[in-house]
A.B. asks: 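Dropping the structure in here first, questions after.
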Number of protein chains: 2
Amino acid sequence: MSDLLERLRGRGWRMTAQRRVVAEVLAGDHVHLTADEVHARAVAKLPEISRATVYNTLGELVTLGEVLEVSTDKRAKRYDPNAHRPHHHLVCAQCGAIRDVHPTGNPMADLPDSERFGFTVSDVEVTYRGVCPNCAKA
Amino acid sequence: MSDLLERLRGRGWRMTAQRRVVAEVLAGDHVHLTADEVHARAVAKLPEISRATVYNTLGELVTLGEVLEVSTDKRAKRYDPNAHRPHHHLVCAQCGAIRDVHPTGNPMADLPDSERFGFTVSDVEVTYRGVCPNCAKA
DNA sequence: ACCTAGATTGGATAAAGTCCAGCAACGATT
DNA sequence: AATCGTTGCTGGACTTTATCCAATCTAGGT
């Protein structure tokens, strides 16, 4: 993840304690935190960090293509740091747990021209829904 | 759409002016209104209808499987009355326009067991993103 | 060490949705 | 047609999520 900071610096990002902390908090696979969760964890490392800064930083990371915004059906947006290996999501309908998945096939190829309504289609997002093993037990 | 009202009545839904109006407002293809938009249009037909009722009714329609909740990336959830013909969505990244699309292939079959993490997968939602002809012109 | 563009802060505000207590009315029954 | 129990409706308060902004601070170049 420190390569992330390198890359950002290369793009003229001014490095601050706050931004470093947000980047640290987001590291890892299967990480899909809400802005508030990011803020809570950031505060643990840097008590004075403000909510606004967390929102700003997340927004910038999304704009720069380093982090993906994931809208599962929950109320709050979630942020996915795994932007460089394309993947989709599997969501538990009961507890909201999210896993990264890599389906075979290419959904992009499955949309015929006749179904594109003249759009220039650039991206697909696939969300699988189901019940996770934990919730199935209960 | 009046068959919808029939079906609901058959399921023990008590019929009221408010519910009728909400159902009317939702009729049609490529309809993806936010709760607030539904409320605005409902008010035009029945001035006293309250926001809470619109939210309640939409929630019930979703529970009954008559309407789908669509989370594109906008802030507000949208409601899609076309629940009985399965379909996916194509969203303009600029203006937010939404079209119903029917891709070929079955994304469900593209998720191998090894990528299911023990989940019981029951549903897939595919969202294509791009730029619509209108926005492309500008 | 200094300077300035850019970043941070926290509080106000907005937008979307939920909750609740009291009133209204659907429709089954007689 | 009148009654009545149950369910639905209302409107306002409240919660959650997110954005805006003016004042203040700081990273990093010189």
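Residue numbers begin at 1 in each chain, while the letters A, B, ... track the order of the sequences.
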A.B. asks: Just how far, in rounded Å, is C1' of D:dT24 from CD of A:Glu48?
C.D. replies: 15 Å

A.B. asks: For the pair made of CZ in A:Arg20 and C1' in D:dT26, what is the distance, rounded to whole Å?
C.D. replies: 12 Å

A.B. asks: Report yes or no: does B:His87 contribute a side-chain atom to a donor-acceptor pair with the main-chain N or O of B:Arg99 at less than 3.5 Å?
C.D. replies: no

A.B. asks: Got a salt bridge between B:Arg11 and B:Glu66, using NZ or NE/NH1/NH2 to carboxylate O under 4.0 Å?
C.D. replies: yes

A.B. asks: Would you call the rings of A:His30 and B:Phe117 parallel, tilted or perpendicular if under 30° counts as parallel and over 60° as perpendicular?
C.D. replies: perpendicular

A.B. asks: What integer distance in Å separates A:Arg75:CZ from D:dC14:C1'?
C.D. replies: 12 Å

A.B. asks: Between B:Ala136 and B:Val131, which heavy-atom pair has the shortest distance, and what is it?
C.D. replies: N-CG1, 3.7 Å

A.B. asks: Once you round it to whole Å, what is the distance between P of C:dT18 and NE2 of B:His39?
C.D. replies: 15 Å

A.B. asks: Please confirm whether the backbone N or O of A:Thr34 pairs with a side-chain atom of A:Glu37, one donor and one acceptor, at under 3.5 Å?
C.D. replies: yes

A.B. asks: Please report, rounded to the nearest Å, how far the P atom of D:dC14 is from the CZ atom of B:Arg51.
C.D. replies: 18 Å

A.B. asks: If only side-chain N and O atoms of B:Gln18 are considered, is one of them under 4.0 Å from the OP1 or OP2 phosphate oxygen of C:dA24?
C.D. replies: no

A.B. asks: Contact class for B:Arg14 (heavy atom, under 4.0 Å): base, sugar-phosphate, or nothing?
C.D. replies: base

A.B. asks: Taking the nucleotide of DNA chain C with the nearest heavy atom to each, does B:Thr34 or A:Arg19 sit closer to the 5' end?
C.D. replies: A:Arg19

A.B. asks: For B:Phe119 and A:Cys132, which heavy atoms make the closest approach, and how far apart are they?
C.D. replies: CZ-CB, 3.5 Å

A.B. asks: Could you tell me the separation between the CG atom of A:Leu46 and the P atom of D:dT26, rounded to a whole number of Å?
C.D. replies: 11 Å

A.B. asks: Quick one: is B:Arg9 getting a side-chain N or O under 4.0 Å of the C:dG27 phosphate, OP1 or OP2?
C.D. replies: yes

A.B. asks: Calculate the interatomic distance between B:Trp13 atom CH2 and D:dG8 atom P; express it in whole Å.
C.D. replies: 9 Å

A.B. asks: Determine the minimum heavy-atom distance between A:Val101 and A:Pro103, stating which atoms define it.
C.D. replies: O-CD, 3.5 Å

A.B. asks: List in numerical order all residues of residues 52-60 of chain B for which some heavy atom is under 4.0 Å away from an atom belonging to DNA chain C.
C.D. replies: B:Ala52, B:Tyr55

A.B. asks: Taking only side-chain N and O atoms of B:Thr16, does any of them lie within less than 4.0 angstrom of OP1 or OP2 on D:dC9?
C.D. replies: yes

A.B. asks: B:Leu5 CG to C:dG27 C1': how many Å, rounded?
C.D. replies: 17 Å

